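Since the model is a prediction, treat every value here as computed from it, not as a measurement.
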Amino acid sequence: LDGLGLRAPGQHVVDLGTGPGSIALEFARRGAHVTGIDKSAGQIAQAREAAEELGLEVKFLCCGAENLPDLRQPVDMVVASMCWGYFDQTRVLDRLLPQLRPTGRLIISRHNWVESSPVGTLTSRALDRVVPNRRIRPPAWLNSKPRTSDHRLRLTGYLCYEENVVVTPEIWVKRVLASRHLAGMPAAESASFAQTLSDRLREALGAEFSVPHYIESQIFAPSLPGDH
């Protein structure tokens, strides 16, 4: 994003489907004014706790992206990571576009961890115990099909690459708990799963390890007069 001129310092960034706040917190660490949105009260509570622990100021709101409130500040960048396909996209854009600057950008991204890696194998085995019929879809790049065809947006950029993401067991477990497989898990069962997976990861891989990911992003801008 830095290389494309989409720099965070001083900008107002909105993170849709923020989950435990990992992306929102990273933007805040880089100097952005960040608003994180998620409809899960539990995920928002985790995100606020993480922000407090890190000494970062992030505004976390518990609501669906379709009900995005008036943020009372123009938005420079919107990030929708691992969540765009779950939204009523027309309703989200109805709420979002009036608040997005003409120079603003919407970034739709996907970060798929590689299941054949050591971390992926341990995580997959743990998931299979609690979600025995989960579907495993092979990663597929998105460049042949924009993630939204709404006439109010135009595709301006596409990125795809592989990267090792360094995490701790605790951070990785939060990432897994935010996945669609575990969204409806009861609190007690979720806590037990988290503790078991964290212990196994720490025993096998240590206090910090790398998780290989396929990462891809599509970058959209508001349409210009005469685009259609």
- In sequence, state the C-alpha distance, the side-chain angles, and the governing distance for Glu216 and Tyr158, and then conclude on side chain to side chain contact (heavy atoms under 4.5 Å, CB included). CA-CA 7 Å; Glu216 57 187 352; Tyr158 175 78; 3.4 Å; yes
- Task: Give the C-alpha distance, both sets of side-chain angles, the deciding distance and a yes or no for side chain to side chain contact (heavy atoms under 4.5 Å, CB included) between Ser124 and Trp113.
- Result: CA-CA 11 Å; Ser124 294; Trp113 45 277; 3.8 Å; yes
- Verdict with supporting geometry, Trp172 and Val211, side chain to side chain contact (heavy atoms under 4.5 Å, CB included): CA-CA 9 Å; Trp172 180 243; Val211 186; 3.6 Å; yes
- For the pair Val14 and Leu100, evaluate side chain to side chain contact (heavy atoms under 4.5 Å, CB included) and give the outcome as yes or no after the intermediate values. CA-CA 10 Å; Val14 174; Leu100 186 66; over 6 Å; no
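Contact record, Ile44 with Gly36: CD1-O, 4.3 Å, taken as the closest heavy-atom pair. The minimum heavy-atom distance linking Ser116 with Thr121 is given by the pair O-OG1, 3.8 Å. Of all heavy-atom pairs spanning Ala28 and Val58, the tightest one is CB-CG2, 3.6 Å. In terms of heavy-atom proximity, Ile107 sits nearest to Ser217 at CG2-CB, 4.0 Å. The two atoms that bring Gly17 and Phe87 nearest to each other are N-CZ, 4.2 Å, heavy atoms only. The minimum heavy-atom distance linking Ala194 with Val173 is given by the pair CB-CG1, 3.4 Å.
Going from atom CZ of Arg30 over to atom CG of Leu56 covers 12.5 Å, rounded to the nearest 0.5 Å. Within the model, atoms CZ of Arg95 and CG of Asp88 stand 13.0 Å from one another, a figure rounded to the nearest 0.5 Å. Atom NZ of residue Lys39 and atom CD1 of residue Ile37 lie 13.5 Å apart, to the nearest 0.5 angstrom. A distance of 9.5 Å separates CD1 in Ile215 from CD in Glu162, rounded to the nearest 0.5 Å. Of the inter-residue distances, the one linking Thr103 atom OG1 with Gln11 atom CD reads 8.0 Å to the nearest 0.5 angstrom. For the atom pair Phe209 CZ and Ile171 CD1, the distance stands at 9.0 Å (nearest 0.5 Å).
In this structure the side chain of Pro102 never reaches within 4.5 angstrom of the side chain of Pro222, judged on heavy atoms. Side-chain contact check for Gln89 versus Asp150: every heavy-atom pair is 4.5 Å or farther apart. A heavy-atom distance below 4.5 Å is found between the side chains of Leu127 and Phe193. Proximity of Asp94 to Arg152: side-chain heavy atoms (C-beta onward) are separated by under 4.5 Å at one or more points. Side-chain contact between Arg175 and Val167: absent, with no pair of heavy atoms (C-beta onward) separated by less than 4.5 Å. Between Thr18 and Thr35, every side-chain heavy-atom pair lies at or beyond the 4.5 Å cut-off. The shortest side-chain heavy-atom distance between Val92 and Leu68 does not fall under the 4.5 Å cut-off. Taking the side chain as every heavy atom from C-beta outward, Leu71 and Leu61 approach each other to under 4.5 Å.
Side chain of His111 to main chain of Ser109: no donor-acceptor pair is present (N/O by atom type, distance under 3.5 Å, no hydrogens or angles). Of the possible polar contacts, none joining the Asp76 side chain to the Val13 backbone as a donor-acceptor pair under 3.5 Å is found. A donor-acceptor pair under 3.5 Å is formed between the side chain of Asp38 and the backbone N or O of Gly19. The backbone N or O of Ile219 lies less than 3.5 Å from a partner atom in the side chain of Thr156, making a donor-acceptor pair. For the pair Ser192 (side chain) and Ala188 (backbone), a donor-acceptor distance under 3.5 Å is absent. Checked by atom type and distance alone, the side chain of Arg48 never pairs as donor or acceptor with a backbone atom of Gln46 at under 3.5 Å. Looking only at distances, no side-chain donor or acceptor of Ser190 sits under 3.5 Å from a matching main-chain atom of Pro186. Of the possible polar contacts, one joining the Thr123 side chain to the Val119 backbone as a donor-acceptor pair under 3.5 Å is found. Without hydrogens or angle criteria, Gln99 side chain to Pro69 main chain gives a donor-acceptor distance under 3.5 Å. Arg202 places no side-chain N or O within 3.5 Å of a backbone atom of Pro169 that could act as its donor or acceptor partner.
Heavy-atom neighbours of Arg125 CZ from other residues, nucleotides or ligands within 6.0 Å: at or below the threshold of 12. Surrounding CD of Glu52 are at most 12 heavy atoms belonging to other residues, nucleotides or ligands under 6.0 Å away.
The pair Lys174-Glu170 does not count as a salt bridge, with every side-chain nitrogen at least 4.0 angstrom from each carboxylate oxygen. In summary, Glu203 and Arg200 do not engage in a salt bridge, as defined by a charged side-chain N under 4.0 Å from a carboxylate O.
Looking at Ser223 and His151, their side chains never bring a donor and an acceptor atom within 3.5 Å of each other.
Among residues at least two apart or in separate chains, side-chain hydrogen bond (donor to acceptor under 3.5 Å, both in side chains) pairs with a member in residues 62-72 are Asn67-Arg91.
Met82 is not connected to Val131 by any chain of hydrophobic side-chain contacts under 4.5 Å among Ile, Leu, Val, Met, Phe, Trp and Tyr, and they are in different clusters.
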